[in-house]
Amino acid sequence: GRLRVPASGAELRYDGGATFAVEGSAELDLVSPHEILFASGEAEVELTNELASFVVRTPTSRIKDAEAQFRLAVRPSGDTELVVERGQVA
């Protein structure tokens with residue numbers, strides 16, 4: 001379901017090791033145990049190799065990876081900015 005994160009931010013942890021440190025206000029959809037939709041906002045994301053099938057979606061992108069750490073920003077226009085800090089994303 002839809003989750004609105006307040007301006008103070010939040011940290012979300014999925015079973016299996018996905019961590020989302022949401023910075024400031026954001027809107028997310030927890031689609032399934034293996035998929036999250038970032039509708040708006042910014043986050044530091046870490047996926048572990050235990051989550052090879054985990055998907056992070058935005059209005060304009062689909063990110064899937066076995067192991068990576070990256071910064072994600074979804075602008076009000078829906079444009080997505082992605083900076084990979086460790087690992088690779090597909």
Side-chain angles (χ1 to χ4, degrees):
R2 178 65 56 130
L3 177 64
R4 292 174 197 246
V5 177
S8 59
E11 184 168 294
L12 305 171
R13 292 176 187 248
Y14 268 77
D15 288 342
T19 303
F20 299 85
V22 181
E23 301 167 355
S25 54
E27 288 193 26
L28 322 165
D29 278 319
L30 308 176
V31 178
S32 77
H34 301 285
E35 184 172 351
I36 190 168
L37 168 66
F38 262 78
S40 66
E42 297 185 26
E44 177 84 21
V45 181
E46 184 167 1
L47 304 178
T48 67
N49 59 0
E50 298 171 30
L51 295 167
S53 63
F54 198 88
V55 176
V56 178
R57 287 191 304 131
T58 74
T60 59
S61 303
R62 184 174 189 269
I63 304 156
K64 181 178 177 183
D65 183 64
E67 187 168 2
Q69 183 174 356
F70 55 92
R71 297 189 61 73
L72 176 69
V74 180
R75 303 296 173 213
S77 65
D79 290 341
T80 301
E81 295 178 17
L82 178 72
V83 177
V84 178
E85 297 175 344
R86 181 180 50 79
Q88 296 179 357
V89 297

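Keep in mind it's a predicted model, so treat the numbers as computed, not measured. For this chain, numbers begin at 1 and follow the sequence in order.
In terms of heavy-atom proximity, E35 sits nearest to F54 at N-CE1, 4.0 Å. For the pair A68 and Q88, the tightest heavy-atom approach, listed with the atom from each and the gap, is CB-O, 3.7 Å. Residues P59 and G78 come closest through the heavy atom pair CB-O, 4.0 Å. Nearest heavy atom pair, residue V22 against residue G24, reads CG1-O, 3.6 Å.
Ring-plane geometry between F20 and F38 is classed as tilted, the angle between the planes lying from 30 to 60 degrees on a 0 to 90 degree scale.
Atom CG of D29 is separated from atom CZ of R57 by 8.0 Å, given to the nearest 0.5 angstrom. Atoms CD and CD, from E11 and E44 in turn, are 10.5 Å apart once rounded to the nearest 0.5 Å. Distance CG/L30 to CG/L12: 7.0 Å, rounded to 0.5 Å.
Considering only heavy atoms from C-beta on, T19 stays 4.5 Å or farther from Y14 through its side chain. In this structure, the side chains of V5 and L28 come closer than 4.5 Å at one or more pairs of heavy atoms. Inter-residue side-chain proximity for Q69 and V84 is flagged as unmet; no heavy-atom pair is nearer than 4.5 Å. A heavy-atom distance below 4.5 Å is found between the side chains of R62 and V55. Taking the side chain as every heavy atom from C-beta outward, V89 and V56 never approach each other to under 4.5 Å.
Checked options E42, E81, E23; the residue passing with R71 is E23 (criterion: side chain to side chain donor-acceptor pair (under 3.5 Å)).
The side chain to side chain contact (heavy atoms under 4.5 Å, CB included) search around T80 returns T58, T60, S61, L72, V74, not counting sequence neighbours. The side chain to side chain contact (heavy atoms under 4.5 Å, CB included) test applied to S25 returns no partner, not counting sequence neighbours.
Heavy-atom contacts from other residues, nucleotides or ligands closer than 6.0 Å to CZ of R4 number 12 or fewer.
By the rule that hydrophobic residues join a cluster once side-chain heavy atoms approach within less than 4.5 Å of another member, L47 and V31 end up as members of separate clusters.
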